[in-house]
Amino acid sequence: MDTKPDDVSWQSEFISICVRDARLHKIDLFHTYIDYEICLHTNSMCFRKKTSHVRRRYSEFVWLRHCLEQNALIIVLPKLPPRNPFFSLGNTEQVTQRMKGLQEFLESVVQTPLLLSDSRLHLFLQSDLSTSKIEECARGKTRYTVAEAIQRSSCGYMTRLEDKASCDSDCESTSSSGLGLSVDTSARHSPLPFLESPDRDHQLFSSLSEHPAR
C-alpha cells in the first residue's frame, strides 16, 4: 500500500533558522552594540520548542563556536563571519553580510547530529540566558534545568543586566574616535531603518517551512 503524501510519517524532519532584524543598543555615552534576532522553526524532536525567537550579538556567536569546538574535537566546525576592525553599524552591506554569515553558521551547526547533543547550543538558540548563565545551567549549577530555562524564556528579548557593561571586541561598539555610527539615546532598542522585520511571525515561518535549512 502506497504512503499518502499527507501521511505524517512521510513528512521529512526540518530545522529552519533565520537571522534577521539587526538592532542598535546603547551601553553608555560612548559605546553601542548591535544584536540580531534568531528565529527557529522545526518539527525535530531534538528541540523542546518548535518555534522560538531570541536575540544574540556577534560576541555570543564567537562564544558558542568556541564551546562547540571544545565539545566536538573530531568535527570541523563552520566558520563565522570574520571580525572586521572597520565594521560600521551604519553600513547596510556589512550588516547584511554579517547576518547572512551568522545564519549560514547556525544552519550548518543544527544539521550536525553530534552538535545537537550540546545543551549550550539549545540554550543559546531558545533561551534568554546570557552566556555565563548558559554555562552555569549546562553544568547544573542553577536552580532551574535546561528544559525549564527554555520553557520560561519569552518570545521577545529580555535585557541581560549582567552583560550591559561589556562590548564586542571587533569594533561593533562605537566611541568618540568616530569609528562606526554614533547613536542617540532615543535609538536604543530600535530596529535599524534598513533592516525592518516582517509584521507577523507566521509569515516568516511559512516561508521558512517551504525552504528548510540544508
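Model, not experiment: these values are computed from the prediction.
- Here the side chains of H122 and F47 are in contact, with some heavy-atom distance below 4.5 Å.
- Using a 4.5 Å heavy-atom cutoff, the side chains of W63 and R56 are not in contact.
- Here CD of E104 is found 6.5 Å from CD of E107. Values are rounded to the nearest 0.5 Å.
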Practice problem: Might you work through the side-chain contact (heavy atoms from CB on, under 4.5 Å) test for I17 and V110, ending with a clear yes or no? | Solution: CA-CA 9 Å; I17 286 184; V110 298; 3.6 Å; yes
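- When all heavy atoms are compared, the tightest approach of V19 to L102 is CG2-C, 4.1 Å.
- With values rounded to the nearest 0.5 angstrom, L106 atom CG is found 12.5 Å from S16 atom OG.
- For the residue pair L123 and L129, the shortest heavy atom distance occurs at CD2-CD1, 4.2 Å.
- E93 CD: 12 or fewer foreign heavy atoms inside a 6.0 Å radius.
- Between the T112 side chain and the L115 main chain, no donor and acceptor come within less than 3.5 Å of each other.
- The side-chain heavy atoms of R83 and Y58, taken from C-beta on, include a pair separated by under 4.5 Å.
- A heavy-atom distance below 4.5 Å is not found between the side chains of T51 and L40.
- Residues V109 and L121 are in side-chain contact: their nearest non-hydrogen atoms beyond the backbone lie under 4.5 Å apart.
- With salt bridges taken as basic N to acidic carboxylate O contacts below 4.0 Å, none links D128 and R152.
- The closest donor-acceptor contact from the side chain of R65 to the backbone of F105 lies at 3.5 Å or more, if one exists at all.
- In this structure, CD in Q111 is found 5.5 Å from CD1 in I15, a value given to the nearest 0.5 Å.
- Summarising the geometry of R20 relative to C39, their closest heavy-atom pair is NE-SG, 3.4 Å, with the distance given to 0.1 Å.
- Atom-to-atom distance recorded for T42:OG1 and Q126:CD is 8.5 Å, nearest 0.5 angstrom.
- The side-chain heavy atoms of H25 and I34, taken from C-beta on, include no pair separated by under 4.5 Å.
- Defined by atom type and a distance below 3.5 Å, a donor-acceptor pair is present between the side-chain atoms of K49 and S153.
- Here the side chains of F61 and F124 are in contact, with some heavy-atom distance below 4.5 Å.
- Side-chain atoms of E148 come within 3.5 Å of backbone N or O of T145 as a donor-acceptor pair.
- When all heavy atoms are compared, the tightest approach of C67 to R120 is O-NH2, 3.3 Å.
- Side-chain contact check for L64 versus L68: some heavy-atom pair is nearer than 4.5 Å.
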Quiz item: Between Q94 and N84, does a side-chain contact (heavy atoms from CB on, under 4.5 Å) hold up when you go through it step by step?
Solution: CA-CA 9 Å; Q94 286 183 344; N84 180 0; 3.5 Å; yes
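- Side chain of S44 to backbone of E13: no donor-acceptor contact under 3.5 angstrom is found.
- N71 CG to D118 CG: the interatomic distance, rounded to the nearest 0.5 Å, is 4.5 Å.
- Annotation: K50, atom NZ; neighbour count of heavy atoms from other residues, nucleotides and ligands within 6.0 Å is above 12.
- Of the possible polar contacts, none joining the S117 side chain to the P113 backbone as a donor-acceptor pair under 3.5 Å is found.
- Side-chain N or O atoms of Q103 include none that pairs as donor or acceptor with a backbone N or O of C18 at under 3.5 Å.
- Comment: D35 does not engage R23 in a salt bridge, judged by the lack of any side-chain N to carboxylate O separation of less than 4.0 angstrom.
- Side chain of T96 to main chain of T92: a donor-acceptor pair is present (N/O by atom type, distance under 3.5 Å, no hydrogens or angles).
- A distance of 8.0 Å separates OH of Y144 from OG of S127, quoted to the nearest 0.5 Å.
- Between R57 and E60 there is no salt bridge, since no side-chain nitrogen of the basic residue lies less than 4.0 Å from a carboxylate oxygen of the acidic one.
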